[in-house]
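One structure is given below, encoded as structure tokens.
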Protein chains: 2
Amino acid sequence: MSQDDDLATLTRAVGHPARVAILRFLSKQKTPCCGDVTTCIDLAQSTVSQHLKVLVEAGLIERKGQGTKNCYSICREPFQRLIAGIEDILAEDAAATQKIKASTKS
Amino acid sequence: MSQDDDLATLTRAVGHPARVAILRFLSKQKTPCCGDVTTCIDLAQSTVSQHLKVLVEAGLIERKGQGTKNCYSICREPFQRLIAGIEDILAEDAAATQKIKASTKS
DNA sequence: ACCCTTTATCGTATTTTTACGATAAAGGGT
DNA sequence: ACCCTTTATCGTAAAAATACGATAAAGGGT
């Protein structure tokens, strides 16, 4: 997977109000189960489960099956990768500016 | 617009490989026009224009109509907002950890 | 004035996303 | 063993995203 695809996958997974809310909730409440999330999100249980699946498949969260109660928790690494990807885009801007400055100076 | 909605809008706008590629290109090449982007992206001109529109509407890039040649450039502020939003989610995690540590200690 | 380039928009088809209810699987408690 | 809770998955309907060609608008050059 290219870097662009990776960043697109990560941002797309975050890119829904319900999923942002879920991520924030997971961050506050450590490893809550699906039901905990559902009561806080005002969406059907199946819909919440689907959003959780999207986040798991993107690698942003992790499922820990504890019997009948599955718990979820945030994975920090992909978020760092996301931030790094955004910063990388902005950095290329800075690099380009640098180049222009250098060539103007000479 | 809530903070969650804002972050969702920003990440959703980034969340497509073509748009990531466009953003990266805009960052390297300062204020290129639509045609410049089109030749680099291998998509129809109308499709590229549509992607540019998505990015403009999210506020991530800016259009500067220079007559028949419209030029685009990156807006840095919303990217910072995006990063801040992600960091905010992770920070709540840290804050929660802090709380747990504090309560365990007392 | 004329043509040519550039690019946004329109119309449209296809695919994907989103949401829900219903159902099934999987344990936990008694 | 039985029921009850929990939750993923299936089926499905509606909405949104994605891509393209065709077209129109808007200047630039001669």
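Only a predicted model underlies this, so the values are computations on that prediction, with no experimental measurement involved. Each chain gets a letter, A, B and so on, in the order its sequence line appears, and its residues count up from 1.
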Exercise. Please state whether the phosphate of dT7(C), meaning OP1 or OP2, lies under 4.0 angstrom from any side-chain nitrogen or oxygen of Arg63(B).
Key: no
Quiz prompt | Residue mapping more 5' on DNA chain C - nearest nucleotide basis, Asp42(A) or Thr68(A) | solution = Asp42(A)
Quiz prompt | Partner nucleotide, any strand, of dG29(D) [Watson-Crick/G-U, under 3.5 Å] | solution = dC2(C)
Quiz prompt | Arg12(A) vs dT18(D): side-chain N/O to OP1/OP2 distance below 4.0 Å | solution = yes
Quiz item: Nearest to the side chain of Ser46(B), which nucleotide is it out of dG21(D), dT7(C), dA26(D)?
Solution: dG21(D)
Quiz prompt | Distance in angstrom units between Glu57(B) CD and dA16(D) P, rounded | solution = 14 Å
Practice problem: Please determine if a side-chain N or O atom of His16(A) lies less than 4.0 Å away from the OP1 or OP2 oxygen of dA19(C). | Solution: yes
Quiz item: Once you round to the nearest 0.5 Å, how far does CG of Leu60(A) lie from CG of Leu55(A)?
Solution: 6.0 Å
Practice problem: Please state whether the phosphate of dA17(D), meaning OP1 or OP2, lies under 4.0 angstrom from any side-chain nitrogen or oxygen of His51(B). | Solution: no
Quiz item: Just how far, in rounded Å, is P of dA13(D) from CD of Gln50(A)?
Solution: 16 Å
Exercise. Rounded to the nearest 0.5 Å, what's the gap from CG on Asn70(A) to CG on Leu52(A)? Could you check?
Key: 9.5 Å
Quiz prompt | Close side-chain approach of Arg12(B) and Arg12(A), heavy atoms under 4.5 Å | solution = no
Quiz prompt | Under 4.0 angstrom between Asn70(B) side-chain N/O and dA8(C) OP1 or OP2 | solution = yes
Quiz prompt | Atom pair distance, as rounded to whole Å: NZ in Lys53(B) and P in dC20(D) | solution = 17 Å
Practice problem: Check every strand shown and say whether Leu52(B) touches a base, only sugar-phosphate, or nothing at a heavy-atom separation below 4.0 Å. | Solution: nothing
Quiz item: dC20(C) phosphate, OP1 or OP2: any side-chain N/O from Thr47(A) under 4.0 angstrom?
Solution: yes
Quiz prompt | Under 3.5 Å donor-acceptor, Ser27(B) side chain and Ile89(A) backbone | solution = yes
Practice problem: Run through Ile22(A), Thr38(A), Val48(A) and flag the one making a side chain to side chain contact (heavy atoms under 4.5 Å, CB included) with Leu43(A). | Solution: Val48(A)
Exercise. Give the rounded distance in Å between these two atoms: CD1 of Ile41(B) and P of dT7(C).
Key: 14 Å
Quiz item: Of all the choices, dT6(C), dT6(D), dT18(C), which nucleotide is nearest to the side chain of Lys69(A) once you look at every atom?
Solution: dT6(D)
Exercise. Can you tell me the pairing partner of dA22(D) across any strand shown, Watson-Crick or G-U wobble, with both distances under 3.5 angstrom?
Key: dT9(C)
Quiz prompt | Residue matched to dT15(C) through Watson-Crick or wobble contacts both under 3.5 angstrom | solution = dA16(D)
Quiz item: If each of Asp36(A) and Leu43(B) is mapped to the nucleotide of DNA chain D with the nearest heavy atom, which maps nearer the 5' terminus, i.e. the 5' end?
Solution: Asp36(A)
Quiz prompt | Presence of Ser49(A) side-chain N/O under 4.0 Å of dA8(D) phosphate oxygens OP1/OP2 | solution = yes
Self-check item: Closest to the Gln45(B) side chain, choosing from dT18(D), dT9(D), dA8(C)
Solution: dA8(C)
Quiz item: Taking only N and O in the side chain of Tyr72(B), is any of them less than 4.0 Å away from OP1 or OP2 of dT6(C)?
Solution: no
Practice problem: Could you check if a side-chain atom of Arg76(A) sits within less than 4.5 angstrom of a side-chain atom of Leu90(B), using non-hydrogen atoms only? | Solution: yes
